[in-house]
Enquirer: 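Here you go, one structure.
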Amino acid sequence: MGPTPEQLEAAEGQLLNTFFGLAGEPDSDAAAAAADRALAELDALLATAPEEASV
């Protein structure tokens, strides 16, 4: 069983927020680390999602 739509939506929102933060402070190590963590979280959720059948 994969992530719920709510989990994916929350992770995507967090990723967008951190990328906006990084855009506002491109030299910030903390902003870059937060974006890396958010991307890793979304990637981990997507890795657990069942693959869709191809036709």
Enquirer: On a heavy-atom basis, which atom in Ala31 and which in Ser28 lie closest, and how many Å separate them?
Expert: N-OG, 3.1 Å
Enquirer: Rounded to the nearest 0.5 Å, how far does CG of Leu22 lie from CG of Asn17?
Expert: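 Nearest 0.5 Å value for the CG-CG distance: 12.5 Å.
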Enquirer: Is it true that Leu46 and Leu15 fall in one hydrophobic cluster, defined by side-chain heavy atoms closer than 4.5 Å?
Expert: yes
Enquirer: Considering non-hydrogen atoms only, spot the tightest contact between Ala34 and Thr18 and give its length.
Expert: O-CG2, 3.8 Å
